[in-house]
Amino acid sequence: MTGVRVVVVGAGVVGLSTAVCIAESLPVCSVTLLAEKFSPDTTSDGAAGIVFAAPFPDIPLERQRRWFKDSFDHLLAIAQSQHAPDAGVILSSGWQIFKEVPATKEPYWSDLVIGFRAMTDRELKRFPDHKFGQVFTTVKCECSSYLPWLEERFRKAGGRVEQRRVSSLQELGDGFDLVVNCSGLGSKALVGDPGVGDSASILERCSRLEPSLKKAKVLGEWVGLRPSRRNPRVERERMLLQGRTSVPVVHNYGHGGWGVTIAWGTALDALGLVRQCLKEMPRAKL
């Protein structure tokens with residue numbers, strides 16, 4: 001199979017991860033990354049980039065665990081390599097604290113991070129309004145460095161980058177054989193998904209936990225928009241696009257606040273779906 005034209009829509013952490021996975025794994029494909037905004041102007045650029053997660057309600061934990069593990073292992077390998085400074089990926093240790101003891105004291109990813117344990121009573125004394133906490137070492141990903149690093153990796157794999165607004169997937173029917181939708185918030189308009197949808201309060205909450213922040217100087221603000229839905233959508237379908245009878249479309253969006261955490265894992269899932277689509281293409285492409 002040669003010359004299959006693939007377009008990945010969206011240049012946030014999910015879109016770039018997916019584009020890299022496809023371009024590096026499927027050299028038979030010509031991959032274009034298409035987006036209206038690229039780093040530093042994407043939603044992902046505002047992410048804290050700390051890798052941990054909360055469970056999605058309707059996705060098997062086994063699948064969520066695979067997403068987390070694949071992403072964590074990918075980022076940990078970068079953090080321990082010579083690429084860490086350029087990619088903005090480092091190890092980071094900290095606490096996750098709760099005002100009430102959670103029903104599950106050990107989340108599904110507890111054995112996948114490093115050194116996970118419950119906080120001691122002495123450690124919890126620092127946070128008198130909280131009854132339980134967890135300590136662990138994970139990976140922190142600074143997206144303002146990581147996204148350009150991924151984009152360069154994509155280009156080195158032969159990928160093509162195009163910056164323009166896509167109002168509808170219908171626009172892509174003539175130019176591409178397969179569409180990968182990683183448009184995040186844009187999916188509300190692009191595929192009619194209704195499931196995707198302030199600074200003072202954030203600073204106030206943080207100051208309650210760490211009083212030294214109360215008089216801190218605010219150097220900048222970022223309004224974080226999270227392209228979330230009840231569950232991430234990682235699946236494929238065939239759509240009637242302009243000028244074509246039907247085109248395979250792979251969706252990978254709706255990660256909410258966990259984009260960095262599971263982006264690489266869902267990208268590998270999306271890669272598998274792309275492989276399935278390629279196997280089903282007409283013989284003319286073989």
Side-chain angles (χ1 to χ4, degrees), residues 12-13 43-61 64-65 67-69 71-72 75-76 79 88-144 146 184-185 195-232 254-263 265:
V13 67
T43 302
S44 295
D45 281 280
I50 301 172
V51 176
F52 69 107
F56 297 105
D58 306 316
I59 295 177
L61 277 181
Q64 297 186 55
R65 182 178 166 83
W67 288 346
F68 188 100
K69 184 180 188 306
S71 298
F72 186 84
L75 291 171
L76 180 62
V89 181
I90 61 172
L91 288 171
S92 180
S93 299
W95 302 313
Q96 181 174 210
I97 55 178
F98 302 82
K99 289 191 173 181
E100 300 294 336
V101 179
T104 303
K105 293 183 179 180
E106 292 188 358
Y108 72 86
W109 44 266
S110 61
D111 63 324
L112 300 177
V113 295
I114 300 169
F116 183 96
R117 62 173 175 84
M119 290 176 67
T120 65
D121 291 340
R122 181 181 180 185
E123 290 168 328
L124 276 171
K125 283 183 179 179
R126 184 175 180 182
F127 309 103
D129 295 332
H130 295 76
K131 298 180 179 178
F132 183 77
Q134 301 157 340
V135 183
F136 54 93
T137 297
T138 185
V139 184
K140 187 178 187 308
C141 180
E142 186 58 58
C143 281
S144 60
Y146 183 59
L185 284 168
V196 293
D198 67 356
S199 301
S201 63
I202 292 173
L203 183 58
E204 193 275 331
R205 292 197 304 273
C206 291
S207 296
R208 284 204 305 266
L209 292 175
E210 185 52 73
S212 63
L213 293 175
K214 287 184 178 179
K215 294 185 178 181
K217 182 180 179 181
V218 178
L219 299 178
E221 296 181 0
W222 180 281
V223 178
L225 299 174
R226 292 179 168 178
S228 61
R229 62 203 301 274
R230 181 176 169 86
N231 303 281
H255 298 53
W258 313 114
V260 173
T261 294
I262 59 173

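Remember, it's a predicted structure, so these values are computed and weren't measured experimentally. The basis for the numbers below is simple: all heavy atoms, side chains too, and nothing from hydrogens, waters or symmetry mates.
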Only distances under 3.5 Å count here; give the side-chain donor-acceptor pairs of residues 53-61 to other protein atoms, sequence neighbours excluded, each with its distance to 0.1 Å.
{"residue": "Asp58", "atom": "OD1", "partner": "Arg230", "partner atom": "NH2", "Å": "3.4"}
{"residue": "Asp58", "atom": "OD2", "partner": "Arg230", "partner atom": "NE", "Å": "2.5"}
{"residue": "Asp58", "atom": "OD2", "partner": "Asn231", "partner atom": "ND2", "Å": "2.9"}

Might you point out which heavy atoms bring [X] and [Y] nearest each other, and give the distance in Å?
| X | Y | value |
| --- | --- | --- |
| Gly133 | Leu124 | N-CD2, 4.0 Å |
| Arg126 | Pro128 | O-CD, 3.4 Å |
| Ser110 | Glu106 | OG-CB, 3.9 Å |
| Gly265 | Ser71 | N-OG, 2.8 Å |
| Val13 | Val260 | CG1-N, 4.0 Å |
| Gln134 | Lys105 | NE2-O, 3.0 Å |

> Any chance CD of Glu123 has more than 12 other-residue heavy atoms, nucleotides or ligands included, within less than 6.0 Å?
Replying inline: yes

> Counting only heavy atoms not in Lys69, do more than 12 sit closer than 6.0 Å to its NZ atom?
Replying inline: no

How long is the gap from [atom1] on [X] to [atom2] on [Y], to the nearest 0.5 Å?
| X | Y | atom1 | atom2 | result |
| --- | --- | --- | --- | --- |
| Ile262 | Gln64 | CD1 | CD | 7.5 Å |
| Met119 | Phe132 | CE | CZ | 9.5 Å |
| His130 | Trp95 | NE2 | CH2 | 12.0 Å |
| Ile50 | Cys141 | CD1 | SG | 11.0 Å |

> Under the side chain to side chain contact (heavy atoms under 4.5 Å, CB included) criterion, do Ile114 and Thr138 qualify, and how do the steps go?
Replying inline: CA-CA 6 Å; Ile114 300 169; Thr138 185; over 6 Å; no

>> Run Phe72 and Trp109 through ring pair (Phe, Tyr, Trp, His ring centres under 6.0 Å) and show every step you take.
In response: CA-CA 10 Å; Phe72 186 84; Trp109 44 266; 9.2 Å; no

> Going through the checks in order, is the side chain to side chain contact (heavy atoms under 4.5 Å, CB included) test met by Val51 and Phe68?
Replying inline: CA-CA 9 Å; Val51 176; Phe68 188 100; 3.9 Å; yes

>> With heavy-atom distances below 4.5 Å as the criterion, would you say the side chains of Phe116 and Asp111 are in contact?
In response: no

>> Measuring only between side-chain heavy atoms, which start at C-beta, is Val139 closer than 4.5 Å to Ile90?
In response: no

>> Closer than 3.5 angstrom, by distance alone: can the side chain of Thr137 be matched with the main-chain N or O of Gly115 as a donor-acceptor pair?
In response: no

>> Determine whether the aromatic ring centres of residues Phe52 and Trp258 are separated by less than 6.0 angstrom.
In response: yes

